[in-house]
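I have placed the structure first, in the form of structure tokens, so that the comments after it can refer back to it.
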Protein chains: 2
Amino acid sequence: MQDITVILIDDHAVVREGYRRLLERDSHIQVLAEGETAGDGYRLVCDKQPDVVVMDITLPGMSGIEVTRRILSKIPGQKILIFSMHEDMVFVNRAFQAGAKGYVTKSAAPEALIEAVRQVSLGKLYLSHEMAQSIASQTISDSGKDLDSLSGREFEIFHLLVQGKTLNEISAALHISYKTVANYQSNIRQKLGATTAAQIVRIAIDHGVISSVDKS
Amino acid sequence: MQDITVILIDDHAVVREGYRRLLERDSHIQVLAEGETAGDGYRLVCDKQPDVVVMDITLPGMSGIEVTRRILSKIPGQKILIFSMHEDMVFVNRAFQAGAKGYVTKSAAPEALIEAVRQVSLGKLYLSHEMAQSIASQTISDSGKDLDSLSGREFEIFHLLVQGKTLNEISAALHISYKTVANYQSNIRQKLGATTAAQIVRIAIDHGVISSVDKS
DNA sequence: TTGCACACGGGAATTCTTCCCAAGATCCCG
DNA sequence: CGGGATCTTGGGAAGAATTCCCGTGTGCAA
């Protein structure tokens, strides 16, 4: 059996050390190089042509998901494994949409990473166990958390909600009943798969609907 | 020179591997044990009596800052080094208030951790370089002043809330009653002058407690 | 010792959410 | 044109969450 060659991309040196040490426990996995930034990663991958790229989502400059997209547009078929601390389905969905072949959380068992690298190198998809469960409990990825699933009015109310407007303010602003707004809110939460208001705000941020410097 | 004994507490196995590998580059540092949870940490520290405890802020069950407080109430003088990915002053302040002797971010140079462990073991305080700089720029913009009105426990719950955790999850994680969490939430909202959950998240974002690429 | 702040939680009233239902509007498609 | 799908609008009622007020216990400091 041929060695599986791997490139690591993470901005935290400590975490890279951990990756490397873990992966090298398996004598069939060989870590070719480590990268620290999005640019590093892109260059290294083109240069070294590893079997698998293991990449964090949070990178300086560009998200790992964006890097994934760029790498794949240059090298279709490159196997990329996202190794992230985000246990949020939003990120999982985005990762797979971008073409990643696997998603493992940092809180997964160490062996899971090795297993994931193996699976991905064979061309299979890998989703860490906790994530798979959380998908099951959240009605598959078609539920989307995608803002596109919101109707026009729903989006309008969604937007007001995440700005911190109260239901009363919204009903007054839109000249509709409080009840209607409350019902919209329920629908929006369900469509976005959010149980708390805070989760909705996060989704809004993730989709650039609002930003931290957005006062309005 | 006597070896410096260290205990690592972090919930991510990969990160612990990295810590250990980094610290053991220095032949005078000896890692006695690793802990994964708040409980682990507390027990290990009482048991092994290490010179220095290196601890993450984000732990399952209880924040590293809370653990710090508890350890110190049991073993005053225990040297604790917080090693966190939060680059925000709010956390730095909380950590030192709780009695931590050092604060290093995960994005710091690997050598900084070793240096920090050394300094702290000698009884000195250590603050990583990026943090020291951001103190300078932060003291002017007094952001974070609102959050100072929150008590330690309130802040902890606030942090969990804005991550989108439900009241039930929080009460389970902290081993306190749902009612207590609900009451805390009410107090927090009142103290921060927020009427909706979304407004609280906005405050959290504005103060850098969370960001759009931050989870856990 | 007294006072104060904090962590914790029960009870009850109130308010919010959810779920279910329905009417009217609109628009597209065969 | 009629039928169907979708959207907007809201009521009713049960259930869940929030608030407000009350209390306990603990630790700390004057």
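The structure presented is a predicted model; accordingly, all values stated were derived computationally and were not measured.
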Task: Closest approach of A/Ala197 to B/Ala198 (non-hydrogen atoms, all atoms of both residues) - done: CB-N, 4.5 Å
Open item on the list: Just checking B/Phe83 against B/Tyr19, ring centres under 6.0 Å apart?
Closed with: yes
- [ ] Using atom types as modelled and distance alone, determine if a side-chain donor or acceptor of B/Thr5 lies under 3.5 Å from a backbone N or O of B/Asp51.
- [x] yes
TODO: Provide the start and end nucleotides, 5' to 3', of the part of DNA chain C that has atoms under 4.0 Å from heavy atoms of chain A.
DONE: C/dC16 to C/dC19
Open item on the list: What I want to find out is whether B/Glu115 reaches B/Arg118 closely enough, with some N-O distance under 4.0 Å, to be called a salt bridge.
Closed with: yes
- [ ] Could you tell me whether the side chain of A/Thr196 and the main chain of B/Gly164 form a donor-acceptor pair under 3.5 Å?
- [x] yes
Task: Contact check, side chains of B/Val6 and B/Leu23, non-hydrogen atoms, under 4.5 Å - done: yes
Task: Among A/Val120, A/Ile80, A/Ile82, side-chain contact (heavy atoms from CB on, under 4.5 Å) partner for A/Lys101 - done: A/Val120
Task: A/Gln163 side-chain N/O to A/Leu160 backbone N/O, donor-acceptor pair under 3.5 Å - done: no
- [ ] Please round to 10 degrees the angle between the axis of the first five pairs and the axis of the last five pairs in the helix from C/dT1-D/dA30 to C/dG30-D/dC1.
- [x] 30°
Open item on the list: Does the protein touch nucleotides 6-19 of chain D at the base, only the backbone, or not at all? Give it as B, S and - per nucleotide, heavy atoms under 4.0 Å.
Closed with: --SBBBBB---SSB
Open item on the list: Taking the side chain as everything from C-beta on, heavy atoms only, tell me whether B/Ser84 gets closer than 4.5 Å to B/Met55.
Closed with: no
- [ ] Determine whether more than 12 heavy atoms belonging to other residues, nucleotides or ligands lie under 6.0 Å from atom CD of B/Gln49.
- [x] yes
